[in-house]
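Worksheet: one structure, shown below.
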Amino acid sequence: MNDTLNIALIQSHLAWENAIHNRAAFEQKINSIPTEVDLIVLPEMFTTGFTMNASEVAEKMDGDTIKWLITMAKTKQCAITGSLIIQDGKKYYNRLMFVFPDGSYQTYDKHQLFTLAKEDEVFTAGQKEVIILFKGWKIKPQICYDLRFPVWARNTSEYDVLLYVASWPKLRINAWDTLLQARAIENMCYCVGVNRIGLDGKGYEYNGHSAVYDVLGHSVIETEPIEKEVILYATLNKSHISKVRAKLPFLKDSDAFNLL
C-alpha cells in the first residue's frame with residue numbers, strides 16, 4: 001500500500017477524429033513524464049475529440065488504441081487512464097480504460113450521456129459503478145457530464161479519489177471549476193479532473209482548467225486555472241484523507257442509500 005500517489009494530468013489539444021495523430025502526440029508527452037509517476041490521466045475521447053460519429057471512428061477492445069495503452073503502461077511501468085469510443089457488439093460506449101502497469105485493465109462506461117449533444121442517441125449508458133484498486137488506493141472513475149450528478153458520485157464505497165476525464169467546453173467552464181471542488185468537499189476525497197483544450201471539429205472551444213482538489217476542497221496543484229497545453233503533476237497523500245475524516249467525520253452522517 002502506498003501512502004502517496006503521484007499523478008500526471010495531460011491537458012492537451014485533440015486532433016479531430018484522428019486517432020493515429022493523437023496517439024503519436026500523447027506518446028511523445030507520456031515519454032517525457034518522470035518515472036516516479038504512478039498514474040497518467042488523459043482527457044475524454046482522447047483519440048478523436050468529443051464526436052458523435054461513432055460508426056466511423058469507434059474501435060474494438062482488441063483495436064490499436066487498447067494495444068497502444070497496454071504497451072505504454074508496460075513501458076512506463078505506471079497506470080494510464082482516459083476514455084475513447086468503443087464498439088462492443090452492436091453498441092457504442094464512451095468507455096474509460098484504466099490500464100495497470102502489467103497490462104491488465106478495468107473499464108468504466110459513461111453513465112450520464114450528454115443529451116444536449118445527442119450523445120444518448122448514439123451511445124449506450126453504463127449502469128455499473130466502478131471502484132478501481134491501485135497501489136492501495138480506491139479510485140472511482142467518472143466521465144465529463146457525470147460531474148453534474150452528485151448522486152452518481154456519492155461516496156458510499158469509502159473511495160479515496162474521484163477521477164474525471166472530460167471534454168468540457170469553455171462556455172460552461174465555471175460549472176466545471178465549481179463542481180470539481182464541490183465533489184471533493186462533499187465526498188471527503190481527492191477530486192481529479194482532466195480537461196482538453198483547443199477547438200474541435202464542430203467549432204467548440206475548450207480551455208482546460210484541469211485540477212486536483214483535496215478533501216477540504218483546496219487546490220493541490222495551482223491556484224489559477226491553466227488554459228494551455230501542459231502536463232500537471234500532483235502528489236496525493238493517504239494520511240491527509242484519514243486525518244481529515246477522523247477529525248471531521250461528515251461521511252458518517254450521510255443518508256444511507258444504494259445505487260441501483
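Note that the numbering runs from 1 along the sequence shown for the chain.
- Within the 4.5 Å cutoff, no side-chain heavy atoms of F250 are placed close to those of E186.
- Residues in residues 177-230 take part in these ring pair (Phe, Tyr, Trp, His ring centres under 6.0 Å) pairs, two or more places apart or across chains: Y190-H240.
- Taking the side chain as every heavy atom from C-beta outward, E119 and F50 approach each other to under 4.5 Å.
- Under the 4.5 Å side-chain criterion, counting only non-hydrogen atoms from C-beta, Q181 is not in contact with T178.
- One hydrophobic cluster, built from ILVMFWY side chains closer than 4.5 Å, cannot hold both I185 and L180; they sit in different ones.
- A side-chain donor-acceptor contact under 3.5 Å links N22 to the backbone of A15.
- A donor-acceptor pair is defined here as one N or O able to donate and one able to accept, closer than 3.5 Å; such a pair exists between the side chain of W137 and the backbone of N2.
- Note: the hydrophobic cluster containing I221 also contains V230 (ILVMFWY, side chain heavy atoms under 4.5 Å, direct or indirect links).
- Remark: side-chain polar atoms of N53 are not paired, donor with acceptor, to backbone N or O of V57 under 3.5 angstrom.
- Residues Y105 and I132 form no side-chain contact, since every pair of their non-hydrogen atoms from C-beta on lies 4.5 Å or further apart.
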I85 and T51: CA distance, side-chain angles, deciding distance, side chain to side chain contact (heavy atoms under 4.5 Å, CB included) verdict: CA-CA 9 Å; I85 300 173; T51 176; 3.7 Å; yes
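- Contact annotation: the side chain of P101 approaches that of F134 to within less than 4.5 Å [non-hydrogen atoms, C-beta and beyond].
- Taking 4.5 Å as the limit, every side-chain heavy atom of T107 sits out of range of all side-chain heavy atoms of I86.
- In this structure, the side chain of D102 engages the main chain of S104 through a donor-acceptor pair within 3.5 Å.
- The heavy-atom pair separating K74 from G103 by the smallest distance is CE-CA, 3.8 Å.
- Connection of L147 to L163 is not established within any shared hydrophobic cluster, with ILVMFWY side chains joined at heavy-atom distances below 4.5 Å, either directly or through further cluster members.
- Side chain of Q28 to main chain of I30: no donor-acceptor pair is present (N/O by atom type, distance under 3.5 Å, no hydrogens or angles).
- Between the side chains of T235 and N6, at least one donor N or O lies within less than 3.5 Å of an accepting N or O.
- Side-chain N or O atoms of R245 include one that pairs as donor or acceptor with a backbone N or O of M188 at under 3.5 Å.
- L133 and Q106 make their closest contact through N-OE1, 4.1 Å (heavy atoms, listed as atom of the first residue, atom of the second, distance).
- For the salt bridge (Lys or Arg N to Asp or Glu O under 4.0 Å) test with K135, the passing option among D3, D38, D160 is D38; the others fail.
- Taken to the nearest 0.5 Å, the OG1 atom of T47 stands 8.5 Å off from the CG atom of L14.
- Note that NE2 of H21 and CZ of R23 are 12.0 Å apart. Values are rounded to the nearest 0.5 Å.
- Evaluated for a side-chain hydrogen bond (donor to acceptor under 3.5 Å, both in side chains) with N207, the options E227, R196, K228 yield exactly one hit, E227.
- Of the possible polar contacts, none joining the D109 side chain to the G126 backbone as a donor-acceptor pair under 3.5 Å is found.
- A pairwise comparison of heavy atoms in S242 and S239 identifies OG-O, 3.1 Å as the closest pair.
- Side-chain atoms of E44 do not come within 3.5 Å of backbone N or O of S83 as any donor-acceptor pair.
- A distance of 4.5 Å separates NE2 of H111 from CH2 of W152, quoted to the nearest 0.5 Å.
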From CA spacing to verdict: side chain to side chain contact (heavy atoms under 4.5 Å, CB included), L162, Y164: CA-CA 7 Å; L162 188 56; Y164 290 91; 3.5 Å; yes
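- Counting non-hydrogen atoms of other residues, nucleotides and ligands closer than 6.0 Å to CD of E36 gives a total above 12.
- Of all the heavy atoms in V37 and C78, the pair that sits closest is O-CB, 3.3 Å.
- Residue K29 qualifies as enclosed at atom NZ: its count of foreign heavy atoms under 6.0 Å is above 12.
- By the criterion of side-chain heavy atoms lying less than 4.5 angstrom apart, applied directly or through intervening Ile, Leu, Val, Met, Phe, Trp or Tyr residues, L96 is not grouped with Y93; the two fall into different hydrophobic clusters.
- Around the CG atom of L216, the shell of radius 6.0 Å holds more than 12 heavy atoms that belong to other residues, nucleotides or ligands.
- Atom CE of M97 is separated from atom CE of M61 by 4.0 Å, given to the nearest 0.5 angstrom.
- In terms of hydrophobic clustering, with Ile, Leu, Val, Met, Phe, Trp and Tyr side chains grouped at heavy-atom distances under 4.5 Å, F98 and Y108 are assigned to a common cluster.
- Side-chain N or O atoms of K118 include none that pairs as donor or acceptor with a backbone N or O of M52 at under 3.5 Å.
- Ring-plane geometry between F114 and Y145 is classed as perpendicular, the angle between the planes exceeding 60 degrees on a 0 to 90 degree scale with a lower cut at 30.
- Nearest heavy atoms, I10 versus I40: CD1-CG2, 3.7 Å.
- Annotation: K76, atom NZ; neighbour count of heavy atoms from other residues, nucleotides and ligands within 6.0 Å is above 12.
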T35/Q77 under side chain to side chain contact (heavy atoms under 4.5 Å, CB included): CA gap, chis, key distance, verdict: CA-CA 8 Å; T35 55; Q77 276 300 288; over 6 Å; no
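- Distance check: F100 CZ to I70 CD1 gives 12.0 Å after rounding to the nearest 0.5 Å.
- Looking at R183 and P150, their side chains come closer than 4.5 Å, going by heavy atoms from C-beta outward.
- The shortest distance between side-chain heavy atoms of L84 and M45 does not fall below 4.5 Å.
- Separation of atoms CG (D214) and CG (N237) is listed at 10.0 Å; rounding is to 0.5 Å.
- A donor-acceptor pair under 3.5 Å is absent between the side-chain atoms of N195 and the main chain of S210, judged by distance alone.
- Smallest separation of non-hydrogen atoms from G208 and I173: O-CD1, 3.7 Å.
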Step-by-step side chain to side chain contact (heavy atoms under 4.5 Å, CB included) determination, F46 to T65: CA-CA 10 Å; F46 70 88; T65 298; 3.8 Å; yes
